[in-house]
Asker: 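Structure provided below as structure tokens; questions to follow.
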Amino acid sequence: MTGARVLSPRGVRARAAATWQVRSYLAARRPGGGFLLAVPSAIEDNIAHLAGRTGLAADTVRSAVRILEERGDLALVAGRGLMILRGQIAHPDDEGMVARIREGLDRGDYVPGQPLALAVIALEYGGPSARPRRACRPLIREGLLQSLPRGPLGPGIYVRRAEVPHPVQNEKAVQHG
């Protein structure tokens, strides 16, 4: 039986540093997003390009790219290469999930302050459990959702509450209006 390789604390720090280095290079190189190389290319060409530019080994870059894809910073697109995601751009694999969550928000299926059931959403789509969290990133950037490490029901992604004006501010507006 083969399992995942367990990294030492030094290995974890090295992988985190490599991931940060790759992410920093990509942010500086393509601040608006888009594909890494100008011509459509294989993903391995992008890995080799990043390895050459960052001075990291190709295996280290490949590991960093997988981590960044799981987070939603990158997308590995077959036949096109490595796509850098910015702003409200959803991972191409998550577009349907983002649309479903957005429709639920628009219909009022989710109450402000309610945590999203990410495990249920993952089961509905049959994908890895990290996908719903990644799919929520564009909605968090739009201000529809928020990630709370210490939410009322524990850590998770919650529906953002509508901003309610303070009663004193309303009274002053009525008096001056």
Side-chain angles (χ1 to χ4, degrees), residues 1-98 101 115-141 145-158:
M1 182 176 151
T2 60
R5 189 177 74 172
V6 178
L7 293 176
S8 67
R10 178 181 284 169
V12 170
R13 284 191 301 275
R15 186 166 65 178
T19 302
W20 178 83
Q21 188 174 352
V22 168
R23 186 173 187 270
S24 296
Y25 172 78
L26 293 173
R29 178 94 168 112
R30 293 273 183 219
F35 285 92
L36 176 59
L37 297 179
V39 295
S41 63
I43 293 165
E44 285 304 313
D45 292 341
N46 285 277
I47 299 291
H49 172 79
L50 285 170
R53 297 293 185 183
T54 60
L56 298 169
D59 286 343
T60 303
V61 170
R62 195 172 294 106
S63 176
V65 164
R66 275 194 296 268
I67 290 168
L68 292 170
E69 183 179 34
E70 287 174 9
R71 286 179 34 119
D73 293 331
L74 304 172
L76 301 174
V77 182
R80 296 289 311 270
L82 192 134
M83 181 179 184
I84 303 162
L85 305 174
R86 292 283 184 258
Q88 277 75 29
I89 300 172
H91 191 286
D93 293 343
D94 301 338
E95 289 172 351
M97 194 179 301
V98 172
I101 295 170
L116 290 183
L118 298 178
V120 173
I121 294 170
L123 287 173
E124 287 177 14
Y125 280 85
S129 60
R131 272 190 66 203
R133 182 171 291 282
R134 182 177 74 186
C136 289
R137 288 189 71 187
L139 300 171
I140 291 170
R141 289 185 194 118
L145 301 174
Q146 59 187 345
S147 179
L148 298 176
R150 292 187 182 95
L153 299 173
I157 296 179
Y158 289 77

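Hydrogens, waters and symmetry mates play no part in the numbers below; they use all other heavy atoms, side chains included. Being a predicted model, the structure only gives us computed values, none of them experimental.
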Asker: As an exercise, state the distance from CZ of Arg141 to CD1 of Ile89, rounded to the nearest 0.5 Å.
Answerer: 9.0 Å
Asker: Only pairs at least two apart or in different chains count here, so list each salt bridge (charged side-chain N to carboxylate O under 4.0 Å, His left out) that has a residue in residues 117-131.
Answerer: Asp94-Arg131, Arg100-Glu124
Asker: Testing the basics here: between Leu85 and Ala90, what is the closest heavy-atom pair and its distance to 0.1 Å?
Answerer: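 Answer, listing the atom of Leu85 first, then Ala90: CD2-O, 4.1 Å.
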Asker: Can you measure from OG (Ser147) to CG (Leu139) and round to the nearest 0.5 angstrom?
Answerer: 12.5 Å
Asker: Would you mind reporting whether Arg62 and Glu44 have side-chain heavy atoms less than 4.5 Å apart?
Answerer: yes
Asker: Hey, what do you get for CZ (Arg23) to OG1 (Thr54), rounding to the nearest 0.5 Å?
Answerer: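 Arg23 CZ to Thr54 OG1: 15.5 Å, rounded to 0.5 Å.
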Asker: Using side chain to side chain contact (heavy atoms under 4.5 Å, CB included), reason through Val98 and His91 one step at a time and then give a plain yes or no.
Answerer: CA-CA 9 Å; Val98 172; His91 191 286; over 6 Å; no
Asker: For the backbone of Leu76 and the side chain of Glu69, can you confirm whether one donor and one acceptor N or O come within less than 3.5 Å of each other?
Answerer: yes
Asker: Drop me the distance from Leu145's CG to Cys136's SG, to the nearest 0.5 angstrom.
Answerer: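 One finds 5.0 Å between CG of Leu145 and SG of Cys136.
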Asker: For Arg150, enumerate each residue passing the side-chain contact (heavy atoms from CB on, under 4.5 Å) test, keeping only those at least two apart in sequence or located in another chain.
Answerer: none
Asker: Looking only at non-hydrogen atoms, find the nearest pair between Pro149 and Pro155 and report the distance.
Answerer: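 Closest approach of Pro149 to Pro155, heavy atoms only: O-CB, 3.3 Å.
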Asker: Quick one: closest heavy-atom pair of Ala51 and Ala57, and the distance?
Answerer: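 For Ala51 versus Ala57, the nearest heavy atoms are CB-C, 4.4 Å.
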Asker: Report yes if the side chains of Arg71 and Thr19 come closer than 4.5 Å at any heavy-atom pair, otherwise no.
Answerer: no
Asker: Looking only at heavy atoms, what is the nearest atom pair of Ala75 and Pro92, with distance?
Answerer: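 Heavy-atom minimum between the residues: CB-CD, 3.4 Å.
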Asker: Nearest 0.5 Å please: distance from the CZ atom of Arg15 over to the CD1 atom of Ile67.
Answerer: 4.5 Å
Asker: Is any side-chain heavy atom of Pro152 closer than 4.5 Å to a side-chain heavy atom of Tyr158?
Answerer: yes
Asker: Measuring only between side-chain heavy atoms, which start at C-beta, is Leu116 closer than 4.5 Å to Pro132?
Answerer: no
Asker: Is the shortest side-chain heavy-atom distance between Ile84 and Leu74 below 4.5 Å?
Answerer: yes
Asker: Going through the checks in order, is the side chain to side chain contact (heavy atoms under 4.5 Å, CB included) test met by Leu82 and His49?
Answerer: CA-CA 11 Å; Leu82 192 134; His49 172 79; over 6 Å; no
Asker: For the atom pair CD1 (Ile121) and CZ (Arg133), what is the distance rounded to the nearest 0.5 Å?
Answerer: 11.0 Å
